[in-house]
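Below is one structure, written out as C-alpha cells; the observations come after it.
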Amino acid sequence: MKIEFTLNGAPVTVEAPARTTLLALLRDYLNLTGAKEGCGVGECGACSVLLDGQLVNSCLALAPEAHGGEVITIEGIHAPDGGPNDLQIALVDYGAVQCGYCTPGMVMAAEALLMRNLNPTRAEIRAALAGNLCRCTGYVQIIDAIEAVARERRTHHGEHGEHGEHGER
Ligand code: FES
Ligand code: FES
C-alpha cells in the first residue's frame, strides 16, 4: 500500500506491505537507520520515534499508522547547522554514551519529555526514560545530562524561542 506522511519535516511517499512495522519502514524502505531494533517487542525503547508528537516504539507501530501523520526520528534531531544539538552534546560530555545502541531512543524520549516539561525533577526524568533500557551506563549520567540540558534550555528560553535550538519541532 501507499503510505504518505511527513518525515523529519519533509513529505515522503512509500510503497510497502500493510503489515510492515514503522521501524522496518524507516530502516529498510527509507534508509534511516538511527532507530534501532533491540527487542522488537516494545520493551527496550531503542526504536523510539515521535509519531504526531507522541513517543512510540516503532517496532510495535504499523507503518500505515503513520499515514497522514508526522514522524520525527533521531535523524530529525539536530542543531540548526546540522550538527549535534545541545542534548546530544551533553550526553557525550556526561559520559552517557557507551556502546550507543540505546542512545537514539534515549534522545527521542528525552526530547519528548523536554517538549512538555522543561523543568523535570529527576524522578520525572527517570519516569520518562522508563521504557528505554540501557545496558551500559546505569542511567545516572543520562539523567544528569538531561537535567543539565533542561536547566540550560530554561535559561535560554525566550532568547531563541521555545524550540529554536533543538531540531525541527
Ligand atoms: S526494538 Fe522496539 S522497544 Fe525494543
Ligand atoms: S550506552 Fe550501551 S545500551 Fe546504553
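Both counts, for ligands and for their atoms, begin at 1 and track the order of listing. Remember, predicted model here, so these are calculated numbers, not experimental data.
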Mark yes when over 12 heavy atoms from residues, nucleotides or ligands other than R122 sit less than 6.0 Å from its CZ; otherwise mark no.
-> yes
May I ask you to check whether C47 brings an N, O or S atom to under 2.8 Å from atom 2 (Fe) of ligand 1?
-> yes
Contact check: C59 to atom 2 (Fe) of ligand 1, N/O/S below 2.8 Å = yes
Backbone or side-chain N/O/S of C102 under 2.8 Å of atom 4 (Fe) of ligand 2 | yes
Any N, O or S atom of C134 closer than 2.8 Å to atom 4 (Fe) of ligand 2 | yes
Pair H156-D86, side chain to side chain contact (heavy atoms under 4.5 Å, CB included): steps then yes or no | CA-CA 12 Å; H156 292 297; D86 52 353; over 6 Å; no
Please could you name the atoms of ligand 1 that [X] approaches to less than 4.0 Å, counting only its heavy atoms?
X   : result
C44 : 1 (S), 3 (S), 4 (Fe)
N57 : 3 (S)
C39 : 1 (S), 3 (S), 4 (Fe)

Any donor-acceptor N or O pair under 3.5 Å, side chains E124, N119 = no
Between E37 and R27, is the closest basic N to carboxylate O distance under 4.0 Å?
-> no
Just how far is it from atom CE of M108 to atom OG of S58, taken to the nearest 0.5 Å?
-> 10.0 Å
Is it the case that one hydrophobic cluster holds both Y139 and V149, taking links as side-chain heavy atoms less than 4.5 Å apart, direct or via other members?
-> yes
Near G100 (heavy-atom distance under 4.0 Å), the atoms of ligand 2 are 1 (S), 2 (Fe)
Given the rule in the side-chain hydrogen bond (donor to acceptor under 3.5 Å, both in side chains) test, do N57 and E43 qualify, once you have shown the distances and angles that lead to the verdict?
-> CA-CA 9 Å; N57 290 325; E43 288 175 0; over 6 Å; no
Provide, to 0.1 Å, the distance between atom 3 (S) of ligand 2 and the closest protein heavy atom, together with that atom's residue and name.
-> R135 N, 3.3 Å
Of A61, G40, G42, G131, the residue with the heavy atom nearest atom 1 (S) of ligand 1 is G40
